[in-house]
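Just so it is clear: chains get the letters A, B, ... in the order the sequence lines come, proteins before strands, and each one is counted from 1. Quick note: numbers below take in every heavy atom, side chains included, and nothing from hydrogens, waters or symmetry partners.
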Amino acid sequence: MLGLSIRNLALILVVWLSGCSGMDSMTSDKTNTRTLQLFNWNNYIAPETIQRFETTCNCQVKQDYFSDNEEMLAKLAAGATGYDLIVPTGNALHTLIRQQALLPLNKAQLPNLKNIESAYLNTRFDPDNQFSVPYAYTLTLLGYNKNKIQELGLPTDTWALIFEPEYLQKIKHRVTVLDSPRELMASALLYLGYSANDQDEAHWNQAEALIIRAKPYWAAFSNTSYIRELAIGDLWVVQGYSNDLFQAALDAHKTGRSFAIDYTIPRQGAVMSLDSMVIHRSGQHPDLAHQFINFMMDGKNSAELTNLIGSGNPNRDATAFIRPELTHYPVIFPDPSALLHLEMLTDLNHKQRRALSRIWTEIKLR
Amino acid sequence: MKEIADIPEKTMRHSSPLLRLIAMLVYAFLYIPLCIVIVFSFNDSKLNAEWVGFTLHWYQTLWHDHEMLLAVRNSLFIACCASTSATILGTMAGLAIHRYKLKVLPILAFTPLAMPEILLGVSLLLFYLQVLNLTLGLLSIILAHTTFCIGFVAIIVRARLQGMDESIFEAARDLGATPWQAFYHVTLPLIKPAIIAGALMSFTLSIDDFVITFFTKGIGEPILPIQIYTMIKVAVTPEVNAISTLLMLLTLTLIILASRFDSSMLRDPSR
Amino acid sequence: MQLSNRLIKWLISGPPLVFLLIFFVAPSLIMIVTSFRLPGEFGGLAPLTIFSEHTSIDSGLTLETYQFFLSDWIYLEIFLKSFFIATLTTIICIAMAYPLALLIANSPRKFRNLMIMLVVLPFASNFLIRVYAWMIILGPESTLSHVINHILGVLGLEPVTLLFSPFAVLIGMVYVHLPFMILPLYTNLEKHDPILLDAAQDLGANRWQQFWCVTWPLSLPGIFSGSALVFIPVLGMFAIPDILGGTGDIMIGNLIKDQFLGTRDWPFGSTLSIMLTIAVLGATVFFTWLARSVMRSP
């Protein structure tokens, strides 16, 4: 009797497992197609673009998202291997190159490289673009509910809006800042009149004090959820990425809200992130990754990064396809005078990372 | 006469109306949140705020969410493998601990249950990356889940053995049975309920585990608890409620099954 | 015969022992070693050989991370804060679990199993779902929030946000861990001999005195084992502050998680984990000692 029931149990198990594999064939019926593993910023490519690439190359694209460069690097270090393509910002790109984690690009497979504006090539992070090609750029800005801020009579062109209690008390708990030590410290340093890349300990401490003083007025540290909350009117002021603020403004407009979302470059300056496409050594499909890079450098496809996502575009050929009202938008395409106020972040060594982590812990604790 | 009147008073001693009220409130505290999750899975509104109308829309969305179905499949697969290996190893551990009064094995088997999960997760992550050089994926999760499930199975099996009469096994040996025969024909039938309960228990624990999975998962293979976590953190829609409701049904069934096989396990406060 | 018995012993205890040595003991040792190393330039760990040139210690191991931990009060403060939250959670759990456990233990035998089953059933749902439920209940648009803020408005007070606050974290902690308190308490209370209470009553004790002088002291071992089961997991929790917490709700667990998935500082993450292990061991010893001394004293 026992033998019988153990056999029954085994039978149940077999049925169970085969049931699972049956679901397998149901969920991924295209088992023969190749899959491109993409590790990209949250909200940084339109589903339309992905779909078009999938049809063109007869493959599947699987995306994982990050919302902070440090998070991306940490996940890679902590065993997230197998991504074909990653879209890091300059400083993280520099780290990945020095780590020898990237495959050199085969330029013969990238004829569309000619479309990229030369100003965005040969950056100090990757001279000669051996490992990377520019994807798009974003700015870290102040986004706000235009009507509400006008009503309250607050200024919109200064980081003081998220750091000075004098302004913050009128918008208490309606403000979020990025949950990113680097980005938040950069804004604080800029507001204090230093460079976003300042590494002086005393200046860091000043910035920390500034942040701790302002923190009681903030609702949250948020990297993604602010998009929705700004668009439905729960938040009035945020520190956010230009493409996410574009999304929030679009959502608010589309759903017919009674207010508008706007965003500006504060006069103290802002951080500019030039994000590039790179091929990771652990990926399974370097060929497919090259195809994707070339596809994204095509003017029409690249233009969607601006038209649908709202990011700045380093692609010369894309200009023709970009909606004309966007080409004159100063936060998407900053004019030369604004460019002077924009800084790209550089990477930190492990001592500095530890110091920053300590400051961040203290900020969270207070 | 006086005695008879006393009895009801004594049995009701602590069950004063106040105590009953408080106990009812605690039950409500336990159940209302789950009921709300279930009710809102049928709510015809994207916001989990107020009741708008009945719909099965979120279940349909779920049915077409390939990523989510893949996560369900992966989690079921992991739970099958982890519970099978944990049941075998845990039964052996339970037997060995009971029979040989070992010193080290119980410490190794039971400590992972008493520690915060994050410690096991982090140490396994470091071990996989530095020593095994393992690509994180389904296998790394299965091994991790097996590690903490062994202890649960061992506890249940040992508890069953403790209530048993050792002499039966000795009698079988005296009658000339080989150790294997004695085990197969005497011990195994007796501890079978505990083994099945342990297997179902580890299956439930594996499919539910978030923290250890969080640290030992790889890329490309979605896992159910991680998928739920991402949905909660990034974009909450009632689809989360729908998958929650289905998952509750599944684990509920398993727990009830497990308790049918071995009711004593309910007293072992697990986790 | 002797030999085959020993063989059987190893056949049975060997496989689980080996498995646990590999997947529990070895990882723990690796974690200890990691805490004495330096973080790599790009994350992970610095190679051991490089540092032998710069330091007098040949092994390349260093106490730097421990010094860093001790150099600053904030890490100790986070430990204290986590201890505080864990203690508060435990006390609330005792307060909520006691009446229920008492009621179940005093109910007719045939109802007890059902009532205990009703306590265990919420376990059947995923941990994240139980936390998520409170996101719905405490959310800014929820009925509860509206009611509370309406009352506060009538009283002329500022409206409050319930979600993303220390209050939400505490509720989540209590909700997830409450059954761990109810079960051991019930197991203890169930064993009490009603004759003791009768005796106390015959001696003229009122109900409150009966409870305070008989039931409560006898139930202390149950309370302590329940406390250990609540206190220890709460101490290492990161998901609940992560999901329900606000700008300031950070616990040891979050800090550890951040070292691995945020700042690429494995040695510091390992050091924090070891400190947490020590804290957990301390708590276990404390609760065991409490339970033993209570058992002995009467």
Side-chain angles (χ1 to χ4, degrees), chain B residues 10 13-15 19-20 22-23 26-27 29-31 33-34 36-37 40 47-50 89-90 92-93 95-96 100 102 105 108-109 112 114-119 122-127 130-131 143 147 150 179 208 210-211 225 228-229 232-233 240 244 247-248 251-252 255 266-267 269, chain C residues 8-9 12-13 15-17 19-20 23-28 30-31 34 96 99-100 102-103 106 116-118 120-122 124-130 132-134 136-137 139 141-142 175 180 183-184 187 197-198 229 232-233 235-236 238-239 243 253 256 260 266 269 273 276-277 280 284:
Chain B
K10 270 178 191 167
R13 179 171 276 122
H14 287 290
S15 311
L19 193 64
R20 276 163 189 258
I22 297 173
V26 175
Y27 272 128
F29 177 74
L30 284 174
Y31 279 90
L34 296 180
I36 288 179
V37 171
F40 277 158
L47 301 168
N48 276 312
E50 52 189 353
L89 292 169
M92 291 168 112
L95 272 171
Y100 302 115
L102 300 169
L105 190 58
L108 296 193
M115 294 199 324
E117 284 176 283
I118 191 170
L119 293 174
V122 164
S123 61
L124 276 168
L125 172 67
L126 286 171
F127 179 67
Q130 287 184 60
V131 181
L143 291 170
T147 310
I150 286 179
D208 261 5
F210 165 68
V211 177
I228 294 176
Y229 177 74
I232 291 177
K233 284 291 279 183
V240 182
S244 305
L247 203 58
M248 265 187 246
T251 34
L252 187 70
I255 289 222
L266 287 183
R267 307 237 172 113
Chain C
I8 292 167
K9 178 178 171 182
I12 301 178
S13 56
L17 192 67
F19 188 91
L20 289 167
F23 290 101
F24 176 57
V25 178
S28 308
I30 287 295
M31 191 167 82
T34 306
M96 291 180 79
L100 185 60
L102 201 59
L103 183 81
N106 287 323
I116 272 297
M117 191 72 182
L118 284 176
V120 179
L121 277 191
S125 65
N126 189 293
F127 158 76
L128 289 170
I129 296 167
R130 279 176 278 154
Y132 166 62
W134 287 100
I136 302 179
I137 297 176
E141 298 302 319
S142 72
Y175 186 64
F180 293 129
L183 292 179
T187 318
L197 291 179
D198 292 345
L229 288 173
I232 291 170
L235 206 54
F238 76 86
I243 296 173
I256 294 177
F260 288 95
W266 295 0
S273 304
L276 176 59
T277 314
V280 166
T284 316

Please flag which part of B:I150 lies under 4.5 Å from any non-hydrogen atom of chain C: side chain, backbone, both or neither. side chain
Atom pair CE (B:M92) and CG (C:L17), whose distance is rounded to the nearest 0.5 Å: 11.0 Å
Between C:I8 and B:Y100, is any pair of side-chain heavy atoms under 4.5 Å apart? yes
Indicate the atoms forming the closest heavy-atom contact of B:A23 with C:L100, along with that distance. CB-CD1, 3.5 Å
Most chain C-contacting option - heavy-atom pairs closer than 4.5 Å, from B:L95, B:I22, B:I36, B:L119: B:L119
Smallest heavy-atom separation, B:L105 atom then C:P16 atom, equals CD1-C, 4.3 Å
Side-chain contact, heavy-atom cut-off 4.5 Å: C:I232 with B:M115? no
Hey, what's the ring geometry for C:F238 with B:F210, parallel, tilted or perpendicular (30° and 60° as the breaks)? tilted
Interatomic spacing from CG in B:L30 to CG in C:L121 - rounded to 0.5 Å: 10.0 Å
For B:Y229, which residues count as a side chain to side chain donor-acceptor pair (under 3.5 Å) partner, sequence neighbours excluded? C:D242
By a 4.5 Å heavy-atom criterion (distance strictly below it), what part of C:T34 contacts chain B: side chain, backbone, both, or neither? side chain
Closest non-hydrogen contact found for B:S123 with C:S28 is CB-N, 4.2 Å
For B:I118 and C:L276: C-alpha separation, side-chain torsions, deciding distance, then whether side chain to side chain contact (heavy atoms under 4.5 Å, CB included) applies. CA-CA 10 Å; B:I118 191 170; C:L276 176 59; 4.0 Å; yes
Taking B:V37's backbone N and O only, do any of them form a donor-acceptor pair with C:Y132's side chain (distance below 3.5 Å, no angle check)? no
Nearest-0.5 Å distance, CD1 of residue B:I232 to CD1 of residue C:I243: 5.0 Å
Once rounded to the nearest 0.5 Å, what's the spacing between atom CG of C:N126 and atom CG of B:L247? 5.5 Å
Could you tell me which of C:P233, C:A239, C:P15 has the largest number of non-hydrogen atom pairs under 4.5 Å with chain B? C:P15
Picking from B:V131, B:L143, B:V211, which has the most non-hydrogen pairs under 4.5 angstrom with chain C? B:L143
d(C:L102 CG, B:L19 CG) to nearest 0.5 Å is 5.5 Å
Which of parallel (below 30°), tilted (30 to 60°) and perpendicular (above 60°) describes C:F23 and B:F127? perpendicular
Heavy atoms only: give me the nearest C:I30-B:Q130 pair and the separation to one decimal. CG2-NE2, 4.0 Å
Need one label for C:I12: side chain, backbone, both or neither, based on atoms under 4.5 Å from any heavy atom in chain B. both
Would a 4.5 Å heavy-atom cut-off, applied to side chains only, mark C:S13 and B:L102 as touching? yes
Please name the pair of heavy atoms, one in C:W266 and one in B:L126, separated by the smallest distance, quoted to 0.1 Å. CE3-CD2, 3.6 Å
List the atom of C:P27, the atom of B:L124, and the distance in Å for their closest heavy-atom pair. CG-CD2, 3.9 Å
Heavy-atom distance under 4.5 Å between the side chains of B:T147 and C:L20, does that happen here? yes
